[in-house]
Trainee: 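Starting off with a structure, shown below.
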Amino acid sequence: MTKPRVLLTRKWPESVEKAAAELFDVTYNIEDRPMGRAEMRAALEIYDAVLATVTDDVKVGTFTNLKPKARILANYGVGFSHIDIEGARAAGITVTNTPNVLNDCTADLAMTLLMMAARRAGEGEREVRAGKWAGWRPTHMIGTSITGKTLGIIGFGRIGQAMARRAHFGFGMKILAQSRSAVDPTILAETGAVQVDTVEDLLPQCDFVSLHCPGGAANRHLINADRLASMKSTGILVNTARGEVVDEAALVEALKTGLIAGAGLDVFEEEPKVHAGLVECENAVLLPHLGSATRETRVNMGIRALKNIEQFFEGAEPDDKVN
Ligand code: DGY
């Protein structure tokens with residue numbers, strides 16, 4: 001039996017590339033560069049399956065007048081706001097993602113950003129590397145304490161809950177959770193969280209706010225100028241969700257004028273471009289989309305994506321179908 005022809009749009013960890021080769025007739029992206037719209041459309045017309053990721057252009061328009069050979073687009077990653085899900089469905093293409101395997105890893109990075117922003121770790125590192133450190137003194141680079149403070153979590157799915165556990169058990173933080181649906185009371189009790197109805201209810205009460213909601217049109221600029229203004233002036237915003245959730249221009253303004261004290265960002269509106277104003281802000285910690293970047297998690301994401309296409313070619317519904 002001939003193996004399905006499968007394209008990996010980016011370089012994957014070696015062990016999962018090997019596992020893919022055992023199951024499928026695989027084409028690799030040797031140069032490991034993002035695929036543009038035209039390349040993506042061509043790939044969907046040539047291969048039986050395309051294993052794409054966040055850097056590929058699969059937005060609205062990709063599926064228009066397409067004659068796809070591919071019936072499955074398996075995303076390497078949990079977030080899929082870069083994919084025109086409705087367009088794929090209309091073109092008869094199943095889309096899958098890789099949930100669960102990156103919950104802890106992403107929550108670890110959100111906590112890293114929270115701590116770095118609170119303790120001015122980025123600034124401190126830059127000072128040391130620049131040879132500008134003048135030595136210890138009582139008033140040098142004073143940050144803010146974390147223990148016992150209030151953390152607001154917007155989007156209380158699996159990653160938001162993992163963040164709540166870290167904050168609650170590790171730092172004795174009080175947790176406020178905002179989510180579209182009612183959160184299971186046992187989960188709230190376990191994480192010591194209290195659910196609030198709206199983002200407006202949450203923001204003014206929090207010392208830290210961490211975003212864990214999906215991206216996409218529905219949440220575009222969820223954090224805008226008005227909402228930033230409703231945060232405490234000592235507040236710190238953390239975003240490991242998707243860049244479009246925060247209005248970056250408004251955030252720059254808020255950071256520069258002291259409307260909020262700091263931000264920790266792993267995702268940006270136009271990756272890999274970062275708003276020039278953010279780069280100027282000493283009170284912003286900026287990381288290059290590292291949420292899921294551990295050896296273990298990146299392997300598990302690959303295994304999960306492969307499982308989805310294996311299930312699909314066996315005639316079953318993939319576990320992680322999203323459309
Ligand atoms: C994810 O899994 O969503 C990561 O952000 C990479 O896309």
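In listed order, ligands and their atoms are each counted from 1.
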Trainee: Testing His82, Arg41, Arg37 for side-chain hydrogen bond (donor to acceptor under 3.5 Å, both in side chains) with Asp57, which one passes?
Mentor: Arg37
Trainee: Any link between Met115 and Leu286 through a network of hydrophobic side chains (Ile, Leu, Val, Met, Phe, Trp, Tyr) touching at under 4.5 Å?
Mentor: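 In one cluster with Met115: Leu286, no.
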Trainee: Mind listing the closest non-hydrogen atom pair of Ser81 and Glu244 along with its distance?
Mentor: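 That closest heavy-atom pairing would be OG-OE2, 3.0 Å.
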Trainee: Would you say the side chains of Arg298 and Ser292 form a donor-acceptor pair under 3.5 Å?
Mentor: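 A pair is found: one side chain offers a donor N or O, the other an acceptor, under 3.5 Å apart.
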Trainee: Restricting to salt bridge (charged side-chain N to carboxylate O under 4.0 Å, His left out), what partner residues turn up for Arg89, sequence neighbours left out?
Mentor: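 Residues passing salt bridge (charged side-chain N to carboxylate O under 4.0 Å, His left out) with Arg89: Glu86.
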Trainee: Assess whether atom CZ of Arg165 is packed by more than 12 heavy atoms of other residues, nucleotides or ligands within 6.0 Å.
Mentor: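 Counting neighbours around CZ of Arg165, more than 12 heavy atoms of other residues, nucleotides or ligands fall under 6.0 Å, so yes.
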Trainee: Just list the N/O pairs, ligand 1 to protein, that are under 3.5 Å apart, with the distance for each.
Mentor:
residue	atom	partner	partner atom	Å
ligand 1	2 (O)	Val78	N	2.7
ligand 1	3 (O)	Val78	N	3.4
ligand 1	3 (O)	Gly79	N	2.8
ligand 1	3 (O)	Arg242	NH2	2.8
ligand 1	5 (O)	Arg242	NH1	2.9
ligand 1	5 (O)	Arg242	NH2	3.4
ligand 1	5 (O)	His289	NE2	2.7
ligand 1	7 (O)	Arg242	NH2	3.2

